[in-house]
Amino acid sequence: MLSLPHHPHKQEFQVERLIFFSDAVFAIAITILVIDLKVPMVPENSTEGQFLNEFAKQIPQLLGFVMSFFLIGIYWTAHHNMFGYVINYSKRLLWINLIFLFTIVIMPFTTAIYSEYSVTEGHLKLISPYAIYVFNICFTGIMNFILLAYITNPKHKISEFVSVNYAKYGKIRSLVTPTIFLISLLVCFFDPGTGRMVLFLIPFAMAYIGRKIRKENAVVISHPGKKVKKQ
């Protein structure tokens, strides 16, 4: 797809605008997450036990904040890496990126829903709040995959110097998190507690793929002509 009809000298500036706007959305979304956290309120002359009891009620919100904070951070890192190769843009790229950012900016809302209904054992049995959060994560992962596939496709003339190794494993990593979240949701129908524990597989899966990437990169360095493809 051809670039939009702007003056050639404005091309680089327009790409930078796209990146700056994306960074701002990530920053706002990751900041809004903390709004759902509330300071424990206890009456005067309360005991340590009363304070800790009130604080414990905030643990689900705190855990939801931590999880979403790092998920948004991971997707920002992925976005930062893929746009490091971008030298051009198109109308389709703008819209794909915009839809991807929509999945990021709505995450504080779905996080709040999930966290609010994970407070008690009775709420823990509810599947719908967790399903809403999972669908958000899956939507984000799919859009990240689509965005990466579009940027790394040489036919679109959007990027340069993208290695086959990066395009291959970047797409795999895009689908790892949503896949594990979906597995977690399925397990939750049988055992909600165990289902949520499935999420601990994510760092191990990412670490495994990271080792594969480093191994492939070592091969690229040894045989650059065989593994690297320039666009």
Side-chain angles (χ1 to χ4, degrees), residues 1-32 68-108 136-179 202 206 209-210 212-221 223-231:
M1 181 177 290
L2 296 177
S3 61
L4 297 180
H6 284 110
H7 192 281
H9 294 167
K10 289 288 186 178
Q11 191 70 26
E12 183 178 348
F13 172 71
Q14 295 297 339
V15 173
E16 290 178 353
R17 284 190 65 196
L18 171 60
I19 296 173
F20 290 155
F21 174 77
S22 301
D23 286 346
V25 171
F26 275 103
I28 293 171
I30 212 168
T31 303
I32 291 176
S68 292
F69 180 92
F70 282 102
L71 281 173
I72 292 177
I74 289 171
Y75 281 114
W76 175 79
T77 302
H79 190 274
H80 172 78
N81 289 338
M82 72 175 77
F83 271 82
Y85 297 100
V86 173
I87 59 168
N88 201 351
Y89 74 104
S90 66
K91 187 174 182 179
R92 182 173 295 179
L93 176 63
L94 295 179
W95 278 105
I96 294 175
N97 187 66
L98 192 62
I99 297 173
F100 170 71
L101 294 178
F102 168 78
T103 72
I104 295 296
V105 81
I106 201 174
M107 199 174 295
N136 186 178
I137 301 301
C138 291
F139 192 12
T140 304
I142 292 171
M143 289 309 304
N144 185 76
F145 176 89
I146 293 174
L147 185 60
L148 179 61
Y150 184 80
I151 288 175
T152 57
N153 189 335
K155 295 180 180 179
H156 300 143
K157 300 179 180 180
I158 294 294
S159 59
E160 282 186 347
F161 306 114
V162 179
S163 69
V164 175
N165 179 39
Y166 171 76
K168 173 185 176 182
Y169 286 103
K171 293 174 185 175
I172 294 175
R173 294 185 70 167
S174 297
L175 299 178
V176 166
T177 297
T179 298
I202 294 176
M206 289 297 188
I209 296 174
K212 295 286 289 184
I213 293 175
R214 289 191 292 271
K215 183 177 179 180
E216 289 289 336
N217 284 340
V219 174
V220 169
I221 294 174
H223 306 89
K226 296 181 179 181
K227 293 288 183 178
V228 177
K229 180 180 179 181
K230 294 185 179 181
Q231 297 183 7

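As a basis for the values below, the full set of heavy atoms in this structure was taken, side chains included, without hydrogen atoms, waters or symmetry mates.
In this structure, Met143 and Leu147 have side chains that are not in contact, with every pair of non-hydrogen atoms separated by 4.5 Å or more. Side-chain contact between Leu175 and Asn144: absent, with no pair of heavy atoms (C-beta onward) separated by less than 4.5 Å. Looking only at side-chain heavy atoms (C-beta outward), Tyr89 and Gln14 come within less than 4.5 Å of each other. Counting only heavy atoms from C-beta outward, the side chains of Ile158 and Ser90 approach each other to under 4.5 Å.
Between Phe26 and Tyr75, the ring center distance fails the sub-6.0 Å criterion.
Between the OH atom in Tyr150 and the CZ atom in Arg92 there is a gap of 5.5 Å [rounded to 0.5 Å].
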Would you tabulate the side-chain donor-acceptor contacts of residues 96-108 under 3.5 Å, counting partners in other chains and residues two or more places apart, or write 'none'?
unit_1 : atom_1 : unit_2 : atom_2 : d
Asn97  : OD1    : His79  : NE2    : 2.8
Asn97  : ND2    : Ser22  : OG     : 2.9
Thr103 : OG1    : Phe100 : O      : 2.6
Thr103 : OG1    : Thr140 : OG1    : 3.1

Item to check | Verdict with reasoning, Ile74 to Thr177, per side-chain contact (heavy atoms from CB on, under 4.5 Å) | outcome: CA-CA 10 Å; Ile74 289 171; Thr177 297; 5.8 Å; no

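The side-chain contact (heavy atoms from CB on, under 4.5 Å) check on Thr77 picks up Asn81, with sequence neighbours excluded. Residues that satisfy the side-chain contact (heavy atoms from CB on, under 4.5 Å) test with Ile209, not counting sequence neighbours, are Tyr169, Ile172, Arg173, Val176, Ile213. Listed by chain and residue number, Thr111, Tyr133 satisfy the side chain to side chain donor-acceptor pair (under 3.5 Å) test with Ser68 (two or more places apart in sequence, or in another chain). Scored by the ring-ring contact (aromatic ring centres under 6.0 Å, His included) test, Phe139 finds no partners at all (sequence neighbours excluded). Remark: Ile19 pairs with Val15, Asp23, Phe83 by the side-chain contact (heavy atoms from CB on, under 4.5 Å) rule, at least two apart or across chains.
In terms of heavy atoms, Ala167 sits closest to Leu148 at O-CD2, 4.4 Å.
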